[in-house]
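When a residue number appears, it is its place in the shown sequence, counting from 1. What's counted below: heavy atoms across the whole structure, side chains too, no hydrogens, waters or symmetry copies.
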Amino acid sequence: MTRSRKIAIGIVGGAALLVAILVVVIATFDWNRAKPFINERASAAIGRPFAINGDLSVKWTREPDEGGWRAWVPWPHVIANDISVGNAPWAKAPQFATLKRGEFSLAPLPLLRQRVVIRRIQLTEPAANLERLADGRANWEFTLPETGEPSPWVLDINEIGFDKGRVGLVDEVLKADLNVQVDPLGKPVPFADVAGAAFAAEEGGAAPSPRDYVFGWKVEGKYKGLATKGEGKVGGMLALQDAKQPFPVQADVAIGGTKASITGTLTDPVNLGALDLRLKLAGASMAQLYSLTGVTLPDTPPYSTDGHLVAKLRNPGGAVFEYKDFNGKVGNSDLHGDITFALGQPRPTLTGKLSSRQLRMVDLGPLIGVPSGKVAGAETDKAKDAPAKPKGGKVLPTQAFRTDRWRDMDADVALDAGRIVHDSKLPLSDLSVHLVLQDGKLTLEPLRFGMAGGTINSTIRLDGSSATLTGRVDISARRLRLKQLFPATPAMQKTLGELNGDMAVSGTGNSVAALLGTATGDVKMLVNDGVISRSLMEIAGLNVGNYVVSKLFGDDEVKINCGAADLEMKNGVMTPRVFVFDTENALISITGTADFKNETVDMDITPSSKGFRIFSLRSPLYVRGTFGSPDVGVHVLPLAARGAGMVALGVLLTPAAGLLALVAPSTTEENACGPLLEQMRKPPKAPAPAKGK
């Protein structure tokens with residue numbers, strides 16, 4: 001044997017002996033003696049006190065899942081008991097995390113690159129206390145104390161198993177104080193058993209099938225300052241090598257007056273990449289969702305909805321949420337369709353296309369400032385949600401529009417409804433509305449629906465971009481059949497009369513009452529071939545009208561050839577240019593004012609007999625007082641000249657000409673308003689000279 005060969009054998013033999021000694025030392029080493037060094041190095045790595053307080057042992061085993069030569073490299077299987085991680089100096093809880101026992105297999109080679117790779121880890125009774133301050137500081141963000149930079153060590157965990165875990169969250173940003181308990185289910189539950197076979201098949205598709213549910217959880221505490229309680233299930237894989245692997249979730253949660261139920265999956269759960277959930281949502285009012293989601297919705301009656309929620313949370317322009325093919329109810333109204341909520345700049349945007357088989361006006365009341373009914377126990381912001389109480393007998397809606405929330409988001413939503421229920425006797429139909437909210441400016445164009453055999457077309461523009469709301473309303477009513485407007489009046493069923501009208505007014509104020517109190521514009525209306533009686537006034541609930549009709553016509557039903565009104569609105573005060581009723585026996589004129597700011601009325605009703613026909617009342621009537629409590633009676637003394645010109649049909653040309661346009665839409669062969677308006681257009685005759693002059 002040559003000298004060089006002997007040297008080589010000696011070197012190899014020595015190395016083998018050293019490896020054998022090293023293996024024996026490592027295998028028999030008491031790792032508890034290394035705890036001070038491990039605790040010190042780990043504390044330095046995370047910038048927090050770290051301690052293994054119990055027994056520490058290491059077993060070396062090969063990983064059969066590793067391919068190639070890596071399968072021959074033994075991995076340390078670490079078992080550590082009673083582990084604690086210190087908290088941030090400002091945090092309230094004494095420890096950030098504690099663990100009764102932890103078992104994991106550690107990849108040795110990645111440690112050279114400051115990577116801690118753990119294929120699987122089993123945690124016994126883990127607990128974590130998460131805290132975040134109002135300034136954004138969070139105790140789950142670890143930094144090195146010397147530099148303030150993030151730790152260079154990267155933790156890569158592929159699979160985590162829990163046993164009776166607990167997580168506490170105190171978050172001043174979210175106004176949350178929650179306690180979450182996690183327990184193993186004992187036996188995995190297939191995703192399809194919880195989500196349903198149909199949704200599971202849709203969810204799976206060409207992508208990997210969702211994993212089974214492994215753990216159950218419960219939560220209790222407060223979120224956004226509201227009492228919160230819930231429970232559900234999750235999968236066993238809290239971190240995945242494949243970010244495309246769907247992670248199953250299921251939850252039933254109640255937050256204040258809102259209840260939510262979800263079943264589905266998360267994609268890339270570590271980074272919250274996407275959601276695909278079956279969502280059921282219910283609550284006392286949609287307005288309560290504002291504090292939870294930031295989405296501005298009206299104050300509604302109780303609601304519920306069920307649909308498919310798909311969210312792309314890592315979208316470059318901002319997260320996008322799509323609520324697809326949902327079915328819902330608001331009060332006793334139904335809603336269906338698709339909506340999308342996109343987070344972006346300068347504001348989030350809500351878009352959608354909705355449909356309904358039936359909408360009830362009582363459910364839509366909050367959209368126009370009429371307060372909705374509340375369910376007992378509903379948690380609301382009383383200072384903002386409670387409508388102002390009427391004072392001094394005022395009757396106009398005073399609930400304030402929430403224009404501050406209009407500037408929080410934009411919207412573009414269309415709604416079509418087959419039937420609208422105003423009351424049991426006056427159903428509406430074929431609603432079509434397109435709502436656009438842009439930078440605090442709300443537009444409803446068109447707002448169109450059918451009523452009493454005719455149509456109502458309108459456009460509503462409300463500008464809430466500044467502190468004081470400004471608004472404009474344009475409404476056109478065409479061919480409303482009188483017999484359908486008053487189905488409970490037998491005499492009206494014999495008439496072929498119609499109502500046509502136009503309104504164009506604008507105003508300033510943050511409620512319906514305030515808008516009308518500053519309104520400026522015009523209101524025009526024609527009614528032909530109708531009937532008026534005391535019973536009709538009683539049905540309409542007009543006590544003043546009941547008195548007026550009884551004084552003018554007694555108890556009889558009187559045919560109206562034509563009713564014509566051309567009303568001017570200026571700074572909340574309505575003044576008639578023309579306001580006349582042409583009946584069989586007399587021409588009735590109305591003059592005076594109605595003040596919508598103060599909700600007062602001051603009007604005179606003057607009858608004028610036709611020719612030699614007998615008419616029961618020759619003295620004018622008056623209506624005085626407030627809208628809520630008007631006073632009505634007969635003038636004892638003759639009126640001044642305020643109404644004399646109207647009685648004689650001595651009216652201006654322009655008002656009468658403006659009303660003639662409303663005659664054209666009539667479907668009746670002869671509209672009785674035509675001759676009346678033509679006569680009104682003629683200039684009044686000059687008085688005959690006195691004899692002897």
Review point. How many angstroms lie between CD1 in Ile475 and CG in Asn457, if you round to the nearest 0.5 Å?
Key: 10.5 Å
Review point. At what distance, to the nearest 0.5 angstrom, does CE of Met603 lie from CZ of Arg624?
Key: 10.5 Å
Just list the side-chain donor-acceptor pairs under 3.5 Å for residues 254-264, sequence neighbours left out, or say none.
from, atom 1, to, atom 2, distance (Å)
Ser261, OG, Asp252, OD1, 2.8

**Study point:** Within 6.0 Å of NZ in Lys324, more than 12 heavy atoms from elsewhere
**Key:** no
Check your understanding: For Arg357, does its backbone N or O pair with a side-chain atom of Asp334 as donor and acceptor, under 3.5 Å?
Key -> yes
Point to revise | Closest approach of Gly471 to Leu515 (non-hydrogen atoms, all atoms of both residues) | key: N-CD2, 4.1 Å
Exercise for review: Would you check if Arg461 and Thr459 make a side-chain contact, meaning some heavy-atom pair closer than 4.5 Å?
Suggested key: yes
Point to revise | Stepwise side chain to side chain contact (heavy atoms under 4.5 Å, CB included) check, His308 with Val310 | key: CA-CA 7 Å; His308 187 182; Val310 177; 3.6 Å; yes
Exercise for review: Evaluate the side-chain proximity of Arg481 to Glu498: yes if any heavy-atom separation is below 4.5 Å, no if none is.
Suggested key: yes
Review point. Which atom pair, heavy atoms only, marks the closest approach of Leu526 to Cys562?
Key: CD2-SG, 4.3 Å
Exercise for review: Answer whether the closest heavy-atom distance between the side chains of Leu275 and Leu313 falls below 4.5 Å.
Suggested key: yes
Review point. Does Ser465 offer a backbone N or O that forms a donor-acceptor pair with the side chain of Asp463 under 3.5 Å?
Key: yes
Exercise for review: Taking all heavy atoms of Asp522 and all of Glu568, pick out the closest pair and write down the distance.
Suggested key: OD1-CA, 4.3 Å
Exercise for review: Check the pair Ile339, Val413 against side chain to side chain contact (heavy atoms under 4.5 Å, CB included), reporting the backbone distance first and the verdict last.
Suggested key: CA-CA 8 Å; Ile339 57 175; Val413 180; 5.6 Å; no
Check your understanding: Where the side chain of Thr403 meets the backbone of Leu469, is there a donor-acceptor pair that is under 3.5 Å apart?
Key -> no
Point to revise | Exercise: identify the closest heavy-atom pair between Tyr223 and Ala176 | key: CD1-CB, 3.9 Å
Review point. Should the ring pair Phe321 and Phe341 be called parallel, tilted or perpendicular, given that the plane angle runs from 0 to 90° and is split at 30 and 60?
Key: tilted
Review point. Strictly by modelled atom types, are Tyr323 and Thr305 linked by a side-chain donor-acceptor pair under 3.5 Å?
Key: yes
Practice item. Please report the closest heavy-atom contact between Thr398 and Ser511, naming both atoms and the distance. Key: O-CB, 3.7 Å
Check your understanding: Backbone N or O of Glu172 within a donor-acceptor pair of the Arg132 side chain at under 3.5 Å?
Key -> no
Exercise for review: For residues Leu462 and Ile460, report the shortest heavy-atom separation together with the two atoms involved.
Suggested key: CG-CG2, 4.0 Å
Check your understanding: Are any of the side-chain heavy atoms of Leu431 and Leu415 separated by less than 4.5 Å?
Key -> yes
Revision key, fill the gap. Here the gap from Glu445 atom CD to His434 atom NE2, rounded to the nearest 0.5 Å, amounts to 9.5 Å
Point to revise | Side chain to side chain, Phe326 and Leu309, heavy atoms closer than 4.5 Å | key: no
**Study point:** Non-hydrogen side-chain atoms of Leu277 and Thr265 separated by less than 4.5 Å
**Key:** no
Review point. Short question: side chain of Thr518, backbone of Thr508 - any donor-acceptor pair under 3.5 Å?
Key: yes
Review point. Are side-chain N/O atoms of Ser432 and Asp416 paired as donor and acceptor at under 3.5 Å?
Key: yes
Practice item. Before giving the answer on side chain to side chain contact (heavy atoms under 4.5 Å, CB included), spell out for Phe627 and Val395 the whole-Å C-alpha distance, their side-chain angles and the decisive distance to 0.1 Å. Key: CA-CA 7 Å; Phe627 290 178; Val395 297; 3.8 Å; yes
Practice item. Taking the side chain as every heavy atom from C-beta outward, state whether Thr340 and Leu350 have any pair of such atoms under 4.5 Å apart. Key: no
Check your understanding: Would you say the side-chain atoms of Ser629 pair up with the backbone N or O of Thr626, donor to acceptor, closer than 3.5 Å?
Key -> no
Practice item. Kindly compute the distance separating CZ (Arg347) from CD (Gln438), expressed to the nearest 0.5 Å. Key: 5.5 Å
Check your understanding: Can you check side chain to side chain contact (heavy atoms under 4.5 Å, CB included) on Phe596 and Met574, steps first, answer last?
Key -> CA-CA 8 Å; Phe596 285 82; Met574 177 180 285; 3.9 Å; yes
Check your understanding: If only atom types and distance count, is the side chain of Asn500 paired as donor or acceptor with the main-chain N or O of Arg479 below 3.5 Å?
Key -> yes
Exercise for review: Calculate, to the nearest 0.5 Å, the distance between atoms OG and CG belonging to Ser304 and Asn327 respectively.
Suggested key: 10.0 Å
Point to revise | Sub-4.5 Å side-chain heavy-atom contact between Val330 and Met286 | key: yes
Review point. Is there a donor-acceptor contact under 3.5 Å from the side chain of Asp410 to the main chain of Asp439?
Key: yes
**Study point:** CG on Asp171 to CG on Leu178, rounded to 0.5 Å
**Key:** 9.0 Å
Exercise for review: Could you walk me through whether Lys312 and Glu322 pass salt bridge (charged side-chain N to carboxylate O under 4.0 Å, His left out), step by step?
Suggested key: CA-CA 9 Å; Lys312 299 177 181 178; Glu322 296 179 84; 5.1 Å; no
Practice item. Determine yes or no for a side-chain-to-main-chain donor-acceptor pair under 3.5 angstrom, with Thr468 supplying the side chain and Ser466 the backbone. Key: no
Check your understanding: Do any N or O atoms from the side chain of Asp338 and from the backbone of Asp325 form a donor-acceptor pair under 3.5 angstrom?
Key -> yes
